[in-house]
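Okay, so here's the structure we're looking at.
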Number of protein chains: 2
Amino acid sequence: MREVAVIGVGMTKWGELWEKSLRQVFVETALLALDDAGVDKIDSLIVGSMSSGLFVGQEHLASLLADYLGQVPVPAARVESACASGGLALRTGFIEVASGMSDIVLVSGVEKMTDVSGHEATYALGTAADQEYECYHGITFPGLYALIARAHMEKYGTTREQLAMVAVKNHHNGSMNPLAQYPFKITVDSVLNSVLVADPLRVLDCSPITDGAAAIILCPVDLAKKMKNPVVKIIGSGQATDSIALSSRKDITWIESTFQAAKKAYAMAGKKPEDIDVIEVHDCFTIAEICVIEALGLVEKGKGGEATEKGLTSLQGRIPVNTSGGLKAKGHPVGATGVAQAIEVVKQLREEAGPRQIKDAKVGLTQNMGGSGGSSIVHVFERG
Amino acid sequence: MREVAVIGVGMTKWGELWEKSLRQVFVETALLALDDAGVDKIDSLIVGSMSSGLFVGQEHLASLLADYLGQVPVPAARVESACASGGLALRTGFIEVASGMSDIVLVSGVEKMTDVSGHEATYALGTAADQEYECYHGITFPGLYALIARAHMEKYGTTREQLAMVAVKNHHNGSMNPLAQYPFKITVDSVLNSVLVADPLRVLDCSPITDGAAAIILCPVDLAKKMKNPVVKIIGSGQATDSIALSSRKDITWIESTFQAAKKAYAMAGKKPEDIDVIEVHDCFTIAEICVIEALGLVEKGKGGEATEKGLTSLQGRIPVNTSGGLKAKGHPVGATGVAQAIEVVKQLREEAGPRQIKDAKVGLTQNMGGSGGSSIVHVFERG
């Protein structure tokens, strides 16, 4: 397998982009990535999107986007693994470059979620759960994560305040990210007093509904060394599945798919959790970040809440998590999230993260998750 | 890149499978493929599905299917390129094995289309066209292909009867395929007297709405040589895009994406059109087969209708096309079609095609197409 590097990244401001169509949001972002890489032609396009069919009535998405980017007749593929579709796009592009099939691959993610009603968006997001065993009985994603949160609190003594501290930290980081949907700070009190969505989760525990896209350009490392940007290598890629229905799992507080994906990614990269300098994880709800840092081996099982309270995951902590603001503050256009996570890590490793820069960051990790953990994708990056 | 082979195939009878859910249809097929290959564990699962979101309200499809197949925690990816999703799954699996990332990959396609109303199915299929420039104005897929048919008739003198002869030939072949949805013969008269759908296309010019799945197992050729089945190599893979809106094309009678994909696949395989012994093409409508055999270079531009009339594409002809019955008779569960095409070619190259066997078939080709040609995927296979 050839070594693979990221040579360009592109992202525009996320939010409720009612004035733009899905193809516009994608093209603006992709052009930024091409410009950052200093290339104008690609060999292949991969796009992660969870449900362009339900959100905007458009399948056959990759061909459409290849056309609107002026890249026809390049091969173009859409990939889907619910909210991990962006991470899957990255992995698919990584394999394509590593295989030798293509040299310059545009990896992107996009979701346009606000063109439908809140009810329709909740239905579309629900298709990431098991329709026959979960959704048909009325459960939604806040409900599923509320079950996980309650179980974690019962089993490990995680507190309601610790959940809130995840959101407070991520909004603090996001306040320094001009592309974030909600770039403002919040407090533990404001989380605890926000509207109850699914007990114990309140609205400020939840990532928002977002329109947005993200794009990166991959190529072989040998070629990347001739490009204008500092080389950032992808040195590990791991992907794993679990039952998507919570009722089929042994322990709903433990994200086994993340543990399995991380094990593979660490092994391929030759790194351990303590080697990682900067981390982006899938905080779709505050409890998710707590479970994920445990499954990644960054803290002991059951200690995710305590670690957050002690500040270990803050910008100044031992293991800075979600320096971008995470899904919570940056927004969560589901198919784009996994690609945006990679962009944040690349910016950190290139030392371009501005006021949220982690000093001397050399190794970074992204963890992107589908549904309530039915799929996880982990990548490890290293400054070349 | 490592050489890749097909070591197992599985398919069940296609049709209106109201008594089975999507996951059941998939699992039955996947188990047959695993059994045919003589393996019980896989390293990765790829599933092609056009719109499981719109058809059955289920995204996050690959993880769900990995679980129901008892293969958790393997990596699982869903890929989508409208009606070419199955072909894209094959290409994605091919690249994954070729790269060295995985050894045993299950490539599958599935679509459950009859759980919604005819109106809803027409809407879902329409999402393969350009929503903003085509569907919002009321056009459907029979309408788009009717435009292509009328243009081909005007430009090249293709006759209404020649269109019908495509359907007659494919139903003749399909009558020998016990897994086909419509395994019966039809006549030119029955096509010409069937209900008008979109002038000049009648209902017997159209492939049906189908439930079904198909699965194949890939591995490196070195490993395939130790397995029980005759080795069938994948020696060429080409993929290309075009504008998905017909109005953006220079000549709607010419499928440029198929031409471009075939050019790449022939080059990788080191083969020419005249080297191919057996061919499966995307006859979603009768006119499609006529356009596709031209774009594949099997006949001259404009001569697809005449070639069909002369019997060149029949079982006994120089270039047998759609020996399986094609989409027309076998059925067209959109995401599964591209994988089923590969199964027919593998069966022909293994000499397991029964009464529809092409004698001494050594090299085969599949062509799978998204929408009205916005994407095409071509593979070339060779008996090892």
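Sequence lines set the chain letters: A, B, ... in the order given, protein chains first and strands last, and positions in each chain run from 1.
- Proximity of a side-chain donor or acceptor of A/Glu80 to a complementary backbone N or O of B/Glu80 within less than 3.5 Å is not detected.
- Here the side chains of B/Met50 and A/His60 are not in contact, with every heavy-atom distance at 4.5 Å or above.
- With a 4.5 angstrom heavy-atom cutoff, A/Phe55 does not touch chain B via any of its atoms.
- Note on B/Asp130 versus A/Arg23: salt bridge recorded, some NZ/NE/NH1/NH2 to OD/OE distance being below 4.0 Å.
- Heavy atoms only, all atoms of each residue included: B/Met1 and A/Ser99 are closest at CG-O, 2.7 Å.
- Smallest separation of non-hydrogen atoms from A/Ala76 and B/Gln239: O-NE2, 3.0 Å.
- No donor-acceptor pair under 3.5 Å is formed between the side chain of B/Thr127 and the backbone N or O of A/Gly57.
- Using a 4.5 Å cut-off between heavy atoms, A/Ala62 makes no contact with chain B at all.
- Using a 4.5 Å cut-off between heavy atoms, A/Ser243 touches chain B through backbone and side chain atoms alike.
- At distances below 3.5 Å, at least one donor-acceptor pair connects side-chain atoms of A/Thr241 with backbone N or O atoms of B/Val74.
- Within the 4.5 angstrom heavy-atom criterion, only side-chain atoms of B/Arg91, from C-beta onward, approach chain A.
- For a residue to count as touching a neighbouring chain, one of its non-hydrogen atoms must lie under 4.5 Å from one of that chain's; by this rule A/Phe259 does not touch chain B.
- In this structure, chain B has no heavy atom under 4.5 Å from any part of A/Val97.
- The distance from atom CD of B/Gln58 to atom CD of A/Glu132, rounded to the nearest 0.5 Å, is 7.5 Å.
- For A/Glu96 (side chain) and B/Ile95 (main-chain N/O), no donor-acceptor pair under 3.5 Å exists by modelled atom type.
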